[in-house]
Protein chains: 2
Amino acid sequence: MKRRPTIIDVARTAGVSKSTVSLVLQNSPLVKSDTRAEVRRAMAEIGYVYNRAAANLRSSNAGLIGLVINDLRNPFFTEFATSVQMALSTRGYVTVLANTDDDPDMQAQVVSAMIEHGVSAMVISPSYDGEAETFGAIQRAGIPCLQVLRNVAPAAAGIPFAAPDYRHGTVLAVEHLLEEGARRIAFVGGIEGRSVTFERVSGYLSVLEAVGMEPLVLSGRASRKLGKDAVGILTAQHPTVDAVMCFNDLIGLGMLAGCAQTGIQAGETLKIVGFDDIDECGDSFPALSSVRCNIAAFGEDIAATILNWLEKNEVPVAETRSQVDLIVRESSRRIL
Amino acid sequence: MKRRPTIIDVARTAGVSKSTVSLVLQNSPLVKSDTRAEVRRAMAEIGYVYNRAAANLRSSNAGLIGLVINDLRNPFFTEFATSVQMALSTRGYVTVLANTDDDPDMQAQVVSAMIEHGVSAMVISPSYDGEAETFGAIQRAGIPCLQVLRNVAPAAAGIPFAAPDYRHGTVLAVEHLLEEGARRIAFVGGIEGRSVTFERVSGYLSVLEAVGMEPLVLSGRASRKLGKDAVGILTAQHPTVDAVMCFNDLIGLGMLAGCAQTGIQAGETLKIVGFDDIDECGDSFPALSSVRCNIAAFGEDIAATILNWLEKNEVPVAETRSQVDLIVRESSRRIL
DNA sequence: CTACCAATTTGGAACGTTCCAAGTGGATCA
DNA sequence: TGATCCACTTGGAACGTTCCAAATTGGTAG
């Protein structure tokens, strides 16, 4: 077992200096195309593999991007992470991914590990709590960092933030429920005190207030189970509720299951709208109306934003909101 | 903006040599505990951050593990990737993740990028096709690599393989359906010619052959949609089918939606068993029976296996099969 | 024929670690 | 007292790149 060839081996084989090989690797216009071709040939001949660790040591640009996600098991985040990673990949960057399970200690640990590894930039969907430690370390290291999907660090701290327009999405959906003739609309899911919850609930409340309808909010960690349980709670304790705005699709899909179980006709007796528009919405029964966040496109935008910051030094604005669309399906539409 | 402190700065602050600082970083028992404490204090004082790229250059052990997944959007793979990443993280390793969307070119690209970045080992759930290029590059680089979940490279090529015991899981499930009184059992999903399909179908066929039941296989790319569509096909063309073994849970869940839509009573008129036992199975209506692969535990095992290979040079056996369990729920059980 | 210029190419010094061989100083032993 | 040993400590040479200043080449103008 012999060691991996280096640019010096390539240089020897091609009959040039290591500097020239280096220039070829960087696609420099300085080298003559004959030379370039010869160097390339030599590389192929001896099976040369570029050593980024060494390059990084010298020039500190590893082409590594850190991606930290608080709940990777949620399909919404999975879709986001996948789209960011694939977009970065096409631009020659490699993604270091970590799931934190919303644990601030875990988050602090993975962030510091990423900094040690010399990531050039980070994208983080943070856990609530523990933000000081996490963002402090990132800023001390001077690494460009984009906070996405959830806003925990005050933008004033200098961490730009980007997310779908949750509030507007909720407004669209609740107005739609009103148009479909809903008399009493509940909001299910979301943990109080979190930006993501606040934005949605405030959109919901503002529409209800405008028409003088009394609000009803059932909080809870977003999951299918919560949705399933909510059906029972609503029918037992709030029988006048005839429409529900869900914090996310998992809750909406859970409610569909709950309705099926208790014999309630979702879409007719109880209108339901989810949020996120994950793939499954179109394949459930009844198909679940939802607020589409275009998360794949959002992920690609995030990838582009962070790379522009990195490569062209274009610092993103403090807060960006991406467009959302209401997708109406059977779960909230009158059957004609 | 000043540069990041190095061990030389730490050494100067602590009044020792850089070699001593290096030893402290490696937790060497050689240094006196007073010295160690002083060095640690100095690090904290000047805000030292370890530079792994430099360490890697010298000792070629980056603590980077590559994880390549063919379909990260499928919750089964997400769960696997998450559990591997978190297990590696607790042992001080950082995970480079890439999704390939089953595209061999994408796979070749991300694998070579990972090799450039000096990953110490790789775990790969490969795409079908393109295996020669991918595994060839990994082997040339001399990087320990574990093939998981799907077997595309012949084990003879020296790439160890680990997966749940798909065949046995199918056998358990189909036998269960027979016990529940099924008269005609179909198999839905899976693409022909793939190891994952072959193993399941062969398990299914072997049980059916033993009892003299005629098989019926509906192939197709595993998705909710396929499951939903399959309900229509079965009722229209194969009305005698009263039980279905699904390639995976997505298909099973899609069938539940299809049943709800066409008014078929899943679990009673049509018994359904899925495969993988993703979280959602317990929250669907009716709850979906499934073959549990214990994928989180499997992921942790994989992480342990690859680290043992790396750190203790324990080369894994050519093929490992992990235990699977049948979880019976309402979708296949007689309602009592 | 010389001087100069543009186009290429090049040697050597970084970058921040690890590792090795060698060094230090105090205690113990003959 | 000097030799030996032990427990630490240390200087300097790697590791494989990039980058800079300087060198070389070949062509062209004076």
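These figures come from a predicted structure and were not determined experimentally. Below, read A as the first sequence line, B as the second, and so on, with proteins coming before strands; counting in each chain starts at 1.
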Sidechain-backbone polar pair: A:Asp71 side chain, A:Arg73 backbone, donor-acceptor under 3.5 Å: yes
Could you give the CG-to-P distance, from A:Asp34 to C:dT9, as a whole number of Å? 9 Å
Answer yes or no: does atom CD of A:Glu133 have more than 12 heavy-atom neighbours from other residues, nucleotides or ligands under 6.0 Å? no
Provide, to the nearest angstrom, the distance between the CD1 atom belonging to A:Ile7 and the P atom belonging to D:dT17. 5 Å
Taking 4.0 angstrom as the limit, do A:Glu319 and A:Arg321 come out as a salt bridge? yes
Between A:Ser19 and D:dT18, does any side-chain N or O lie under 4.0 Å from OP1 or OP2? no
Rounded to the nearest angstrom, tell me the gap between atom OH in A:Tyr50 and atom P in D:dT17. 8 Å
B:Arg36 CZ - D:dC8 P separation (whole Å): 10 Å
Contact class for A:Thr20 (heavy atom, under 4.0 Å): base, sugar-phosphate, or nothing? base
Assuming nearest nucleotide by heavy-atom distance, tell me which of B:Leu23 and B:Ser59 is located more 5' along DNA chain D. B:Leu23
For D:dC19, does either OP1 or OP2 sit under 4.0 Å from a side-chain N or O belonging to A:Gln26? yes
Atom-to-atom span, CD1 of B:Ile46 to P of C:dG16 - whole angstrom: 12 Å
When rounded to whole Å, the NZ to P distance for the pair A:Lys18 and D:dT17 reads 11 Å
A:Ile7, A:Asp34, A:Leu25, A:Val21 screened by side chain to side chain contact (heavy atoms under 4.5 Å, CB included) with A:Val39, the one that passes: A:Val21
Interatomic distance where CG belongs to A:Leu30 and P belongs to D:dC19 [whole Å]: 12 Å
What is the distance, to the nearest angstrom, from the NZ atom on B:Lys32 to the C1' atom on C:dT24? 12 Å
What's B:Thr6 touching, base or sugar-phosphate or nothing? Going by heavy atoms closer than 4.0 Å. sugar-phosphate
Looking only at N and O atoms, is any donor in the side chain of A:Arg58 or the base of D:dT18 less than 3.5 Å from an acceptor on the other one? yes
So, does A:Ser28 use its side chain to make a donor-acceptor pair with the main chain of A:Val24 at under 3.5 Å? no
